[in-house]
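Read through the structure below, which is laid out as structure tokens, and then see the notes.
Sequence lines set the chain letters: A, B, ... in the order given, protein chains first and strands last, and positions in each chain run from 1.
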There are 2 protein chains.
Amino acid sequence: MTGIRALADSLNISIGTVSRALNNKPGVNEETRARVLEMALRTGYVANAAGRNLRKGMTQTIGLMMGTGHGATAGGDNFFMAVTDAMQKAMQTEGVDLVLLPCHSEMDPLDFLRRTLTRGTIDGIILTATKVQDPRIALLRDARMPFMTLGRSATPGDYLWMDLDFESAAGQAVAHLAELGHRRIAVGIPAGDANLSQLYRHGWKRAMTELGLPTGDDLIFAENGSEEGGALVAAQVVKAADRPTAMLMCSEPMISGFYGGLINNGLRPGPDISVIGFRQSPLLRHLAPPISCFDINLDQLGQRMAHAILTLVYEPSAPDPQPEIMPISFIVTASVQPPAKSAAT
Amino acid sequence: MTGIRALADSLNISIGTVSRALNNKPGVNEETRARVLEMALRTGYVANAAGRNLRKGMTQTIGLMMGTGHGATAGGDNFFMAVTDAMQKAMQTEGVDLVLLPCHSEMDPLDFLRRTLTRGTIDGIILTATKVQDPRIALLRDARMPFMTLGRSATPGDYLWMDLDFESAAGQAVAHLAELGHRRIAVGIPAGDANLSQLYRHGWKRAMTELGLPTGDDLIFAENGSEEGGALVAAQVVKAADRPTAMLMCSEPMISGFYGGLINNGLRPGPDISVIGFRQSPLLRHLAPPISCFDINLDQLGQRMAHAILTLVYEPSAPDPQPEIMPISFIVTASVQPPAKSAAT
DNA sequence: CCTAGCGTTGTAAACGTTTACGAAAGTGCG
DNA sequence: CGCACTTTCGTAAACGTTTACAACGCTAGG
């Protein structure tokens, strides 16, 4: 005899009562409930997942789809890992598992999703690396699978997302640079259709326009979101005809490469070109001068995401959780300085 | 009507036959099998996971236990993430999921394991951050849960593990340094009882002893496996009475901190103190001079681990997969140089 | 004293699958 | 024609849980 039946027998009560007691259902004497709980704790009983899943049609697990293609995530792996960690922690206290669903580059993301859905192993799904136009959203909506995205998308329709306010963050950075006297402020983003890059560029453009500063294509650098890409940007910037005096960049590896590229070409980040980065991260700890960047609370982001998807999936009676934009603050360091007076004209 | 029953009815046969046909069981006419398969494909039928799990007592998922305590993993998160990625890829092709089981620092690992086992959500488990004496091994063995570990342990008994040969790698490094003329070769490891650190130290000690070089405690530095820990080691090394001329270190963050600490104290890695690191990683890309370290094929490691745990769990008739030690080669760069001639005596 | 109602518990069906078992039909042989 | 055997298929019982429903004892009100 196993499981709940053994537990019930050891207490000389029926399995129905035991189940009700364990699941905090009403209609069970408080004294017997206490007995059940105590016995469950003592014997280490935990409800078998398969049985419960079958009966309830739910698996108590949330999937997290991650593209495994290199450079697929605009922010670098560290960024992603930190959010995941926080999410897992929050979910575990609610008793739901988080399973990673890696979709490697050779596989069509939509096929991958379809397969995953039909298996019925997850109750909800979190999409990351959201694209500007993201067909995955329509697919999930049609399949009636609860989902949310990390990062907005321009895809029309209502759905749950959570995002960081990089649009206004970029604006803040531009404003600060402008105040210091910068006029030619460039922006560097990973090439591709990641929504994050678009927002960053939009924020830059709007702020620049409002301040009457130039926003020509010669100030927009889109390269591979890797160290190599950053170094490439540096190479272009160095030999630019009318060299920008400041650079906003939104990818950890790119910034690292950009710094190195500048230095290799005899330019000092800060004094020669002001640089503003993406976020503080171990990858950028070593930069000298320390990079001026944005303060993101990834732990909080992960927690809020976990909370949102959990209520969406497991509390259908509760009001639908709403999308959120999380504020970002700007940290000024020595990598931001007034433009050099005697720039080579 | 749903699931396999609907499929059976649409073909006017019984669910038993359908199930046998789908699972490649013998005793079903090839012609009807073909019909079933065709219909399943056409209607997009996939067996419901919960039903199957309940009946078979298996879930087609492997758990990966990771300690979430900061600095819990000796090698740093990057190392871990790379292996995980490779494992997931390999498992997905076999149709089994990999679920991360984060055990945060406040929770007793053994309690955590016990709870996870009784829930019955996983068929097998992979342990990481193996300790020298690791009680988790006995627990899993007693519970008859198939498992393997990433990294050996001194815990007695047979079990499946996979490890990198850091013991001989450290020996190689020592030999190379000795050939260059180094005599006082130090070793820096994360404090704690991670088995990896022990092996690294053993390899160092054995090689040193064989070469007749000193192995006193003043050459062993054990600090927190973080950047701060590395900086701490640097501080101690700098003011050491008989300063070591070379350092072996086995933690990514520590190396980064050690480098910084040396430079802050006016010592040049390479010319003043030879430094040999753990592995190539994005975190160490920026170091100047580039760090001399070991070449590890993490992708291959992950693949072999996935293969091993899958046969252990799902092919009981096959011969048990055997533990493996994967070779490591040594990469020499400018961070390794002959000892400075005129060391301050 | 009867009955309605409440609080508590037991009973049994259901979730969707796999599989042991038996039944039916067909084949070969005495 | 009968028997043993094979091939193929249907039946039904599990797997462990949740939950609708019935049942029981008790109290209170008429």
Return the value, rounded to whole Å, for the distance between atom [atom1] of [X] and atom [atom2] of [N].
| X | N | atom1 | atom2 | value |
| --- | --- | --- | --- | --- |
| B:Ile4 | C:dT19 | CD1 | P | 11 Å |
| B:Glu31 | C:dG26 | CD | C1' | 17 Å |
| A:Met58 | D:dT17 | CE | C1' | 16 Å |
| B:Asn12 | D:dT8 | CG | P | 20 Å |
| B:Asn48 | C:dG16 | CG | C1' | 6 Å |
| A:Asn53 | C:dT17 | CG | P | 14 Å |
| B:Leu7 | C:dT18 | CG | P | 11 Å |
| B:Ile15 | C:dA20 | CD1 | P | 15 Å |

State whether [X] places a side-chain N or O below 4.0 Å from either non-bridging phosphate oxygen (OP1 or OP2) of [N].
| X | N | answer |
| --- | --- | --- |
| A:Thr17 | C:dG10 | yes |
| B:Thr32 | D:dC9 | yes |
| A:Ser19 | D:dT18 | yes |
| A:Asn23 | D:dT18 | yes |
| B:Lys56 | D:dC15 | no |
| A:Tyr45 | D:dG16 | no |
| A:Thr2 | D:dC15 | no |
| A:Arg52 | D:dT18 | yes |

message: Looking at B:Glu38 and B:Arg35, is there a salt bridge between them, counting it only when a charged N and a carboxylate O are closer than 4.0 Å?
response: no
- request: Specify the residue among B:Gly51 and B:Lys25 whose closest nucleotide of DNA chain C lies further upstream toward the 5′ end.
  value: B:Gly51
Any non-hydrogen side-chain atom of [X] less than 4.5 Å from a side-chain atom of [Y]?
| X | Y | answer |
| --- | --- | --- |
| A:Met91 | A:Ile309 | yes |
| B:Ile325 | B:Trp161 | yes |
| A:Leu113 | A:Ile125 | yes |

- request: Pick base, sugar-phosphate or nothing for A:Gly3, based on heavy-atom distances below 4.0 Å to the nucleic acid.
  value: sugar-phosphate
query: Within the structure shown, what part of the strands sits under 4.0 Å from B:Ile13 by heavy-atom distance: base, sugar-phosphate, or nothing?
result: sugar-phosphate
statement: Sorted by position of nearest nucleotide on DNA chain D, 5' first, the leading residue of A:Ala47 and B:Arg20 is B:Arg20
field: Selection from D:dT17, C:dC21, D:dT8 that lies nearest to any side-chain heavy atom of B:Asn29
entry: D:dT8
Qualifying residue for side-chain contact (heavy atoms from CB on, under 4.5 Å) with A:Ser153, from A:Leu127, A:Val132, A:Asp193, A:Ile137: A:Ile137
message: So if I apply the side-chain contact (heavy atoms from CB on, under 4.5 Å) rule between B:Asn53 and each of B:Thr59, B:Thr61, B:Asn48, which one comes out positive?
response: B:Thr59
message: Whether the side chain of A:Arg55 and the base of D:dT17 hold a donor-acceptor pair under 3.5 Å is what I'd like checked.
response: no
